[in-house]
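Worksheet for the structure shown next.
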Amino acid sequence: MKKLEGQLVSAGMKIGIVASRFNDFIVNHLVAGAEDCFVRHGGKSDDLTLALVPGAFEIPLTAQKMAESGKYDAVVCLGAVIRGATPHFDMVANESAKGIAQAAMKSGIPVLNGILTTDSIEQAVERAGTKAGNKGADAMISAIEMINLNKVL
């Protein structure tokens with residue numbers, strides 16, 4: 001059986017990052033984790049482009065535009081949707097995830113969902129670089145692997 005797998009080397013890659021300004025006290029840590037991961041795997045910080053949008057609901061449109069521009073090998077989407085007292089959380093979480101998946105399918109390049117969807121601020125903090133690691137770095141590692149896998153497919 002022939003096995004295809006993406007390598008974890010980011011040298012020479014160009015990656016777009018779309019990040020929400022809403023809950024930026026969390027999202028800034030996700031962005032920093034993504035950048036650190038990219039550089040640690042051989043990429044240059046100058047090969048990352050950060051687009052800031054108002055909230056998670058606005059991420060998919062910008063991600064799709066970046067993905068279809070031909071300037072990037074992948075797009076990493078970062079945000080934090082924290083449950084409140086209304087059903088607004090469910091709508092934003094579901095629609096942003098659906099839009100990100102559609103952007104990947106339409107563009108044909110990896111568009112990674114690194115949007116936290118948590119029940120509390122404490123859970124978000126845990127996933128932005130404390131107890132549960134940094135989900136921005138996790139999304140970036142997936143982007144690097146998928147870019148390299150797509151090269152051998």
When rounded to the nearest 0.5 angstrom, what is the spacing between [atom1] in [X] and [atom2] in [Y]?
X    : Y    : atom1 : atom2 : answer
Q64  : C77  : CD    : SG    : 11.0 Å
H29  : D36  : NE2   : CG    : 13.5 Å
L78  : D24  : CG    : CG    : 13.0 Å
L61  : I100 : CG    : CD1   : 12.0 Å
S107 : K65  : OG    : NZ    : 13.5 Å
E58  : L52  : CD    : CG    : 12.5 Å

Contacts under 3.5 angstrom, residues 121-129 side chains, donor-acceptor by atom type, not counting sequence neighbours:
| residue | atom | partner | partner atom | Å |
| --- | --- | --- | --- | --- |
| E122 | OE1 | S120 | OG | 3.4 |
| Q123 | OE1 | D119 | N | 2.7 |
| R127 | NH1 | Q123 | O | 3.0 |

- [ ] State whether the number of non-hydrogen atoms from other residues, nucleotides or ligands found under 6.0 Å of F89 atom CZ is greater than 12.
- [x] yes
Could you tell me whether the side chain of [X] and the main chain of [Y] form a donor-acceptor pair under 3.5 Å?
X   : Y   : value
D73 : M13 : no
T62 : I59 : no
N23 : I26 : no
N94 : D90 : yes

Open item on the list: Any non-hydrogen side-chain atom of I17 less than 4.5 Å from a side-chain atom of V75?
Closed with: no
- [ ] Side-chain contact test, heavy atoms from C-beta onward, threshold under 4.5 Å: evaluate it for E5 versus K3 and give yes or no.
- [x] yes
Nearest atoms (heavy-atom pairs only) where [X] meets [Y]:
X    : Y    : value
P110 : L112 : CB-CD2, 3.7 Å
G114 : A139 : CA-CB, 4.0 Å
F22  : G55  : CB-CA, 4.1 Å
P54  : S20  : O-OG, 3.6 Å
A103 : A63  : CB-C, 4.5 Å
V76  : A143 : CG2-CB, 3.7 Å

Hey, can you pull the donor-acceptor pairs under 3.5 Å for the side chains in residues 145-153, sequence neighbours left out?
| residue | atom | partner | partner atom | Å |
| --- | --- | --- | --- | --- |
| N148 | ND2 | Q7 | O | 2.7 |
| N148 | ND2 | V9 | O | 3.0 |
| N148 | ND2 | I144 | O | 3.3 |

Check whether [X] and [Y] end up in the same hydrophobic cluster, where Ile, Leu, Val, Met, Phe, Trp and Tyr are linked by side-chain heavy atoms less than 4.5 Å apart.
X    : Y   : value
V18  : F57 : yes
M66  : V53 : yes
I115 : V92 : yes
I82  : L30 : yes
V27  : V81 : no

Distance-only check: which donor-acceptor pairs under 3.5 Å involve side-chain atoms of residues 41-49, not counting sequence neighbours?
| residue | atom | partner | partner atom | Å |
| --- | --- | --- | --- | --- |
| H41 | ND1 | C37 | O | 2.9 |
| S45 | OG | E35 | OE2 | 2.3 |
| D47 | OD1 | K14 | NZ | 2.6 |

